[in-house]
Amino acid sequence: MLDIKLIRDNTDAVRKRLADRGRGDEAAIDRIAALDQRRRALITDADKLKALRNSVSKEIGALKAQGQDAGVKMAAMKKVGDDITALDKQIAEVDEQLRAILLTIPNLSHSTVPTGKDAADNPEIRRWGQKPEFAFKPKPHWEIGEALDILDFPRATKISGSGFILYKGAGARLERGLINFLLDLHTTQHGYVEVFPPFLVNRNAMIGTGQLPKFEEDMYRLRDDDLYLAPTAEVPVSNIYREEILRHDQLPIYHCAYTPCFRREAGAAGKETRGMIRVHQFDKVEMVKFSHPDTSYDELEKMVANAEKVLQLLGLHYRVILLCTGDMGFASAKTYDIEVWAPGQNAYLEVSSCSNCEDFQSRRANVRFKDKDGKTKFVHLLNGSGTALARLYVALLETYQQSDGSLLLPEILAPYLGGTRKIGK
RNA sequence: GGAGAGGUGGCUGAGCGGUUGAAAGCGCCGGUCUCGAAAACCGGUUUGGCCGAAAGGUCAACGUGAGUUCAAAUCUCACCCUCUCCGCCA
């Protein structure tokens with residue numbers, strides 16, 4: 001959520017920066033400004049009446065204590081009370097309208113983010129490694145997985161529908177092992193404190209990180225309980241300190257968490273339906289940071305490096321992309337995507353997205369800290385995949401496939417696979 | 001799910017419907033004292049909105065939301081949460 005004071009004092013600048021994102025959100029600015037003005041006028045009026053009522057009520061109390069009649073004053077205050085009720089009702093309505101709009105306005109981009117329209121305008125920042133070469137035509141992961149009997153797409157569909165995965169045998173163990181590998185890496189090498197959060201989250205949590213109210217149709221919802229299946233661990237983990245005031249010496253706080261991620265992928269029908277590139281449930285290890293505002297961009301660079309480390313240790317070729325204004329997510333001020341090379345697809349796949357949301361989410365979730373100067377401020381919230389597993393799995397299968405159909409995975413994974421790096425004969 | 005108890009400031013814990021944004025203690029910050037520290041003493045110590053250049057003024061908040069009243073932390077109702085016991089259950 002944007003600071004209403006920022007919009008009030010820098011209306012034109014905010015309008016322009018929203019226009020840069022190319023979603024037409026700047027159109028709401030005039031309505032916000034009008035509502036804000038009306039809200040403040042109403043509050044001023046109501047507060048004056050309340051001050052009057054407070055002082056006269058004290059007089060009434062004093063009169064009654066002396067056994068004198070206060071009937072005239074009480075009748076007058078009855079009328080004032082009715083006026084206050086009417087004004088408070090209008091304030092509540094304006095507040096609600098204002099809040100409803102503000103919750104749908106995306107974050108402003110950081111000054112270092114290039115202005116652009118869509119993914120085609122995202123600059124590539126760097127590459128690591130090289131595309132692997134094969135003496136044969138590399139197969140897509142679904143062929144490899146089914147031939148090895150470690151992935152079973154038809155049966156997953158039978159159980160749940162399209163877009164779900166059934167891992168089997170060594171394939172299931174690989175998935176489990178990767179989760180442990182990632183958590184071990186981030187907790188022992190990168191300083192993150194592991195958490196294991198609930199997978200079902202309430203509406204306030206979803207509003208806090210920005211999934212709601214705007215993207216309701218993308219979420220799985222349990223209607224009877226008003227709970228949602230978390231689309232990413234970013235939601236429960238970023239909300240850990242909701243409504244709290246942290247001490248400045250606690251910052252930065254690093255958390256990482258494994259959770260499955262549930263996404264309806266509404267509107268994505270027909271895209272990447274084959275295999276496990278776009279699915280309704282996938283595993284992910286997420287990194288979340290609660291940072292002092294002064295250092296949040298340093299923290300973002302470090303977080304990207306933490307995610308890159310995963311791919312480096314696994315020997316997977318990747319590139320880092322900086323998202324332009326038009327391609328960034330709703331809550332982010334600056335986002336790097338990491339895309340891993342998948343030989344069977346002949347394409348780069350997004351396996352990580354690391355964002356600094358600055359105070360956009362902390363303002364919604366009310367996560368603050370008391371700074372050295374004694375002032376209470378919003379923390380900066382960052383989140384990044386470290387990494388998404390389904391696509392990492394794709395890259396591993398397609399990169400490390402052998403001509404005989406087996407897999408020869410990186411040695412670093414052997415401890416997580418029962419001491420072997422080989423899957424298949 | 002059933003029965004009972006309870007939700008007040010960083011913590012513990014008071015609070016006859018009116019001068020309580022809130023006693024007291026602890027903690028924390030600053031000061032006096034001291035070579036220094038402790039102790040003692042003095043002062044300060046929630047958050048947000050609105051008006052204002054500022055000084056300051058004012059409003060709101062005692063789980064959440066409604067209600068009664070001139071006036072609600074105090075009364076009424078609903079909901080949420082916590083604890084104890086019972087039931088059920090991985």
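Order of the sequence lines fixes the chain letters, A, B, ..., with proteins taken first and strands second; residue numbering starts at 1 for each chain.
Checking A73(B) for Watson-Crick or G-U wobble geometry (two distances, each under 3.5 Å) identifies no partner in any strand. Remark: C85(B) base-pairs with G2(B). Criterion, Watson-Crick or G-U wobble with two distances under 3.5 Å. The pairing partner recorded for G17(B) is none, the criterion being a Watson-Crick or G-U wobble arrangement whose two distances lie under 3.5 angstrom. Across every strand in view, A23(B) sits unpaired, with no contact that passes the Watson-Crick or G-U test at under 3.5 angstrom. Pair assignment for A78(B) gives U64(B), based on Watson-Crick or G-U wobble hydrogen-bonding distances that are each under 3.5 Å. A54(B) is unpaired under the Watson-Crick or G-U wobble criterion, no partner having all donor-acceptor distances under 3.5 Å. Nucleotide C41(B) forms a Watson-Crick or G-U wobble pair with G31(B), both donor-acceptor distances falling under 3.5 Å. The pairing partner recorded for G36(B) is none, the criterion being a Watson-Crick or G-U wobble arrangement whose two distances lie under 3.5 angstrom.
Annotation: G2(B) and A78(B) have their P atoms spaced 14 Å apart (nearest Å). Rounded to whole Å, the P atom of A55(B) lies 25 Å from the corresponding atom of A61(B). Spacing between G9(B) and C62(B) at atom C1', rounded to whole Å, works out to 9 Å. Distance check on atom C1': A5(B) versus G10(B) gives 26 Å, rounded to whole Å. Spacing between U45(B) and A53(B) at atom P, rounded to whole Å, works out to 27 Å. G4(B) and C89(B): their C1' atoms are spaced 23 Å apart (whole Å). Only the C1' atoms considered, G25(B) is 25 Å distant from C83(B), to the nearest whole Å. With both ends at atom P, the span from C77(B) to A22(B) equals 30 Å, rounded to whole Å.
Salt bridge present: R39(A) and D95(A) bring a charged side-chain N and a carboxylate O closer than 4.0 Å. For the pair R363(A) and D359(A), the salt-bridge criterion is met [side-chain N within less than 4.0 Å of a carboxylate O]. A salt bridge is defined here as a Lys NZ or Arg NE, NH1 or NH2 lying under 4.0 Å from an Asp or Glu carboxylate O, and R421(A) with E411(A) meets this definition. Electrostatic pairing of E286(A) and K284(A) counts as a salt bridge here, judged by a charged N lying under 4.0 Å from a carboxylate O. Between D12(A) and R15(A) there is a salt bridge, with a side-chain nitrogen of the basic residue lying less than 4.0 Å from a carboxylate oxygen of the acidic one. By the 4.0 Å N-to-carboxylate-O rule, R8(A) lies too far from D3(A) to be salt-bridged with it.
The distance between atom CG of L49(A) and atom C1' of C51(B), rounded to the nearest whole Å, is 15 Å. The nearest whole Å value for the distance from the CD1 atom in I43(A) to the C1' atom in G57(B) is 16 Å. Atom CG in L35(A) sits roughly 14 Å away from atom P in C50(B) (whole-Å rounding). Atom C1' of nucleotide C80(B) and atom CG of N204(A) are separated by 12 Å, given to the nearest angstrom. The separation between K375(A) atom NZ and G48(B) atom P is 12 Å, rounded to whole Å. At whole-Å resolution of the value, CG in D249(A) and C1' in C28(B) are 13 Å apart. Look at CG on L246(A): it is 15 Å from C1' on U47(B), rounded to the nearest Å. For the pair K377(A) NZ and G48(B) C1', the computed distance is 18 Å after rounding to whole Å.
With A60(B), G18(B), C51(B) as the choices, the nucleotide that has an atom nearest any side-chain atom of R40(A) turns out to be C51(B). Taking the side chain of D47(A) as heavy atoms from C-beta on, and the options G48(B), U58(B), A60(B), the nearest nucleotide is U58(B). Taking only side-chain atoms of K50(A), from C-beta outward, the nucleotide of C59(B), G48(B), C50(B) with the closest atom is C59(B). Each of G48(B), G49(B), C59(B) was ranked by its minimum atom distance to the side chain of K5(A); first place goes to G49(B). Among the nucleotides C59(B), G48(B), C50(B), the one closest to the side chain of R8(A) is C50(B).
Under the 4.5 Å side-chain criterion, counting only non-hydrogen atoms from C-beta, M287(A) is not in contact with H190(A).
Side chains of S353(A) and D337(A): a donor on one and an acceptor on the other come within 3.5 Å.
Between C28(B) and R247(A), no contact under 4.0 Å exists linking OP1 or OP2 to a side-chain N or O. Considering only side-chain N and O atoms, K78(A) lies under 4.0 angstrom from the phosphate OP1 or OP2 of C70(B). In this structure, K370(A) does not reach the G10(B) phosphate: none of its side-chain N or O atoms is under 4.0 Å from OP1 or OP2. Phosphate contact (OP1/OP2 of A71(B), side-chain N/O of N54(A), threshold under 4.0 Å): absent. Between G57(B) and K48(A), no contact under 4.0 Å exists linking OP1 or OP2 to a side-chain N or O.
Residues A51(A) and M77(A) both approach RNA chain B. Their nearest nucleotides, taken by heavy-atom distance, put A51(A) toward the 5′ side. Annotation: of the two residues near RNA chain B, T44(A) and K64(A), the 5′-most nearest-nucleotide partner is K64(A).
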